[in-house]
2 protein chains.
Amino acid sequence: MICFQDISAAANRIKDAANRTPVLTSRTLDSICGARVFLKCENYQRAGAFKFRGAFNALSLLSDQQRRAGVVTHSSGNHAQALALAARETGVRAVIVMPRGGNQVKIEAVRGYGAKVVLCRNTLQARESAADELVEREGLSLVHPYNDERVMAGAGTAAKELIEEAGELDMVLAPVGGGGLLSGTAVSVKQLCPQAVVWGVEPAGADDAWRSLRSGRLISQTDPHTIADGLRTSLGEKTFAVISSRVDDIVLVAEAEILDAMRFLWERMKTVVEPSGAVSLAPLLQRRLPEHGGGSLRVGVIISGGNVDLSAFFAAIKT
Amino acid sequence: MICFQDISAAANRIKDAANRTPVLTSRTLDSICGARVFLKCENYQRAGAFKFRGAFNALSLLSDQQRRAGVVTHSSGNHAQALALAARETGVRAVIVMPRGGNQVKIEAVRGYGAKVVLCRNTLQARESAADELVEREGLSLVHPYNDERVMAGAGTAAKELIEEAGELDMVLAPVGGGGLLSGTAVSVKQLCPQAVVWGVEPAGADDAWRSLRSGRLISQTDPHTIADGLRTSLGEKTFAVISSRVDDIVLVAEAEILDAMRFLWERMKTVVEPSGAVSLAPLLQRRLPEHGGGSLRVGVIISGGNVDLSAFFAAIKT
């Protein structure tokens, strides 16, 4: 029986394969935020995002028969690369369903890791049915990008490492898209620092998790508008259940706040973070903190990834 | 008597003020370079470059009378910000001579640290004479950007930390502009790993150190052409003497190689490095290594800084 709550077991499975990413701190950041801030930098994770943790954990849990048949997923983003890399590392065949006309750099990166890419129309329905068909026809196992206990538990190992390195925390923030990272983070934090507050941070232009938490039922995201391309997805049933019971609040951030946070991370912290990865820092830079009785609040922030297309930037400075 | 060779004393002076910057490694990098590579990332130093080490060391060595009078330097780059910050930290007045019409962001950063900026014409001679005049008229102490034993010794503390963390190294590379970082690095490495080879790396478009080392006499840089703006300066007499006696070779890199190294650091290592800071990695990515008898070469690389103007990049993604 796979359990999303067993973060320690997931940590043991991935420990030789995943990077133990650094926790960055900055005096300037602390003084701007009015808190002691610990950034868990998953942009330094293999394949550039926290996704490798869940992908590798899922592959470690396959039966022999499942390993022989291979795995499939649908993703246009970081989960695609993460599963392709994890599959190569574990000698498992991987098929990735990606939208036709999507980012060619990402498609080539997935192929570079040795995975097979199947292109389909760019709708969630088309991607899901293409993946379902591969499950049925070729006997592949589906490793869903977030609505999967193995993936959620794997994602939670980042918060575990953060707390091991930073010590007791009063609060932890993580971005929320499909909810895999936030649910895993919440489980991990409530086990290790039960008194700590957990906030999910979501772009105001893709606020399905915020609306779902407030209404008490799963509301799907339609027509998202945000630069944070990793957070345009809807919560899944499994992630929603965990988030409902363990996350203290979801806070919304504006596009300008996301860009300010990203720029702070690049210019001042010298770390390349993608828009989705910078979202979780945005409320802190605005000093949006819960009430706290004296002393300096100790806040952990999960920076989820750093995959940005820099072609235009380097083309511009070359001239 | 101040001695550029006393790196340990400099390390003790700066240890509470300077960041102990991280040493980054990467499996991908090792496999591209055919060596085990350890990146000492001074882009994470305070004020964004190794310069803070030398500036703080110099200020720590002022007499009481010198402290009361204050310090002056001429710099359009990272040394200006570093000295301004170090002066604020130590409660010393600082005046920075900067070229009129230069980068406004840098001028504002220096003022932001509380230093006074004196603008002058954009020639080395104009800057030097403006600084000399301030020394004479106001009794300020000059803290030269590189041709100063205190600054050279401070710069050498980065290599000391690198070796403490990475262990024995076969080779260390550092960029060379005025030679402060390279001379301090060479002293440090030859003390701690006497068998290790030290290379300076210089843009082919600003090759005064390469020509000076080969001819055996100090040749000044005229009309440099390189994107690595921190490396357009000429060696000083003091840095040239140390480099002549302790550096094994200077290697030249092309502009395209500098940009490739910078892009690798941003895209794959997720770390924001300025062109001058990426120069030292460029020969390794080209597998330009000395002959080595078996086993994997262990190579340290000093990444000197990460101050890049990102305004254009963020203006472009905002739209």
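Naming convention: chains lettered A, B, ... in sequence-line order (proteins, then strands); numbering from 1 in each chain.
Donor-acceptor pairing under 3.5 Å is lacking for the side chains of B:Q45 and B:T21. Side-chain atoms of B:N57 and B:R13 include a donor-acceptor pair closer than 3.5 Å.
Heavy atoms closer than 4.5 Å to chain B are found nowhere in A:L265, neither backbone nor side chain. Contacts between B:T25 and chain A at a heavy-atom distance below 4.5 Å are absent for every atom of the residue. Contact of B:I227 with chain A is made through the side chain alone, with heavy-atom distances under 4.5 Å.
A search for side chain to side chain donor-acceptor pair (under 3.5 Å) contacts involving A:D229 returns nothing, not counting sequence neighbours.
Considering B:N43, B:N307, B:T271 as possible partners of A:K270, the one that fulfils the side-chain hydrogen bond (donor to acceptor under 3.5 Å, both in side chains) test is B:N307.
Considering only heavy-atom pairs separated by less than 4.5 Å from chain A, the leading option among B:E255, B:R268, B:M262 is B:M262.
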